[in-house]
Amino acid sequence: VELLKSKDETKDMVLEMEKDIIRLETITERFSKIGSKPSLENINIIALLKESTNYLSSRFPEKVTIKTNLKNNKILIPTNQVLLHWAIENLCKNAVDSMKGNGEIEIILTEEKAHISINISDNGEGIDKSIIKNIFKPGVTSKKRGWGLGLSLSKRIIEEYHKGSLFVMQSGKKTGTTFTIKLPKI
């Protein structure tokens, strides 16, 4: 990559290659943290959500918009930034799949005395009633492709590593789906 940078005709290609390398490093870091007890740091959840949505917005189809309602500027919660970002990314990617690449994802954060709640909503097809009870079990999926691990991993990240909860708040054919993440505050 460094050698290619010196040539003007390859600059765009090199920028994309660098993004791919960073992405591969992130994936490696994520998998290295699953299976070992990750350290939690007091992280500003507002900044993490803004960073996550900016990252995802640039990678989602043009017809998908992400709207946020994050009223505060700073709320510290004990978290592992890499793993929490991964859980949010999994939920948002499922939303994009449910909307078939065309719709709106809304992320709303509410703060209570002892915890915060993050609602991630889409206006997609909703979750089929035949699988909703088992949606967090490994291998359960409504997609033609995929292993059905994203929601299972997300639940593990939220509940086992962050001592929070992840659940389906609501889902319907006409209304889409809302997942809720509850995380304890400091």
Side-chain angles (χ1 to χ4, degrees), residues 19 21-60 64-98 104-122 124 127 135-138 140-141 146-171 176-186:
K19 287 179 189 175
I21 290 169
I22 291 168
R23 180 75 177 142
L24 289 170
E25 288 171 344
T26 301
I27 291 167
T28 302
E29 185 179 1
R30 287 174 175 176
F31 277 103
S32 73
K33 291 189 183 313
I34 291 286
S36 63
K37 187 173 169 127
S39 60
L40 302 181
E41 298 175 32
N42 293 332
I43 301 287
N44 179 1
I45 188 66
I46 304 297
L48 185 142
L49 287 171
K50 286 179 181 177
E51 182 182 314
S52 294
T53 55
N54 287 339
Y55 171 80
L56 293 170
S57 292
S58 69
R59 281 154 180 79
F60 283 165
V64 171
T65 57
I66 300 177
K67 188 170 112 182
T68 58
N69 186 345
L70 307 173
K71 296 179 182 162
N72 296 327
N73 289 323
K74 189 173 186 180
I75 302 172
L76 295 178
I77 64 166
T79 188
N80 181 289
Q81 190 165 347
V82 170
L83 293 179
L84 186 57
H85 175 82
W86 192 11
I88 292 165
E89 183 179 327
N90 282 333
L91 293 170
C92 289
K93 283 182 175 179
N94 281 355
V96 170
D97 289 343
S98 175
E104 181 178 273
I105 298 170
E106 184 174 29
I107 299 175
I108 299 174
L109 183 135
T110 55
E111 180 181 16
E112 297 187 25
K113 191 171 188 171
H115 70 273
I116 57 108
S117 294
I118 304 166
N119 286 341
I120 300 175
S121 303
D122 66 58
I127 301 169
I135 198 71
F136 294 107
K137 290 184 179 174
V140 175
T141 183
W147 294 352
L149 296 176
L151 289 176
S152 172
L153 278 170
S154 296
K155 190 161 183 76
R156 182 175 179 184
I157 289 167
I158 299 301
E159 295 186 357
E160 289 182 30
Y161 297 143
H162 291 88
K163 305 301 179 221
S165 60
L166 171 62
F167 54 92
V168 178
M169 170 77 84
Q170 70 82 26
S171 187
T177 300
T178 299
F179 283 91
T180 298
I181 298 171
K182 286 192 176 197
L183 296 168
K185 289 171 42 179
I186 298 174

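Using a 4.5 Å heavy-atom cutoff, the side chains of Ile66 and Leu56 are in contact. Side-chain atoms of Ile77 and Asn44, non-hydrogen and from C-beta on, never get closer than 4.5 Å to each other.
Between the CZ atom of Arg156 and the OH atom of Tyr161 there is a distance of 3.5 Å, given to the nearest 0.5 Å. Separating the CD1 atom in Ile158 from the CD1 atom in Ile181 is a distance of 4.5 Å, to the nearest 0.5 Å. The OG atom of Ser171 sits 7.5 Å away from atom CG of Asp122, with the distance rounded to the nearest 0.5 Å. To the nearest 0.5 Å, atoms CD1 (Ile88) and NE2 (His85) are separated by 8.0 Å.
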Using residues 108-121 as the side-chain source, report each donor-acceptor pair under 3.5 Å to any protein atom, sequence neighbours left out, with the distance given to one decimal.
residue : atom : partner : partner atom : Å
Glu111  : OE1  : Asn72   : ND2          : 2.7
Glu111  : OE2  : Lys185  : NZ           : 2.7
Asn119  : OD1  : Thr180  : OG1          : 2.6
Ser121  : OG   : Thr178  : OG1          : 2.7

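When atom types are taken as modelled, the side chain of Ser98 and the backbone of Asn94 share no donor-acceptor pair closer than 3.5 angstrom. Between the side chain of Asn80 and the main chain of Ser39, a donor-acceptor pair closer than 3.5 Å is present.
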| said: Would Phe179 and Leu151 count as a side-chain contact (heavy atoms from CB on, under 4.5 Å) here? Give the steps. | reply: CA-CA 10 Å; Phe179 283 91; Leu151 289 176; 4.0 Å; yes
| said: Go through it in stages, so that I can follow the logic: the residues are Ile43 and Leu76, the test is side-chain contact (heavy atoms from CB on, under 4.5 Å), and I'd like the CA-CA distance, side-chain angles, deciding distance and then a yes or no. | reply: CA-CA 5 Å; Ile43 301 287; Leu76 295 178; 5.9 Å; no
| field | Test side-chain contact (heavy atoms from CB on, under 4.5 Å) applied to Lys137 and Ile135, step by step | value | CA-CA 6 Å; Lys137 290 184 179 174; Ile135 198 71; over 6 Å; no
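The shortest non-hydrogen separation linking Pro184 to Pro78 is O-CD, 3.5 Å.
Salt-bridge annotation for Lys93 and Glu89: present, with a side-chain N of the basic residue lying under 4.0 Å from a carboxylate O of the acidic one.
Tested against Cys92, the residues Ile105, Thr53, Val64 include a single side chain to side chain contact (heavy atoms under 4.5 Å, CB included) partner, Ile105.
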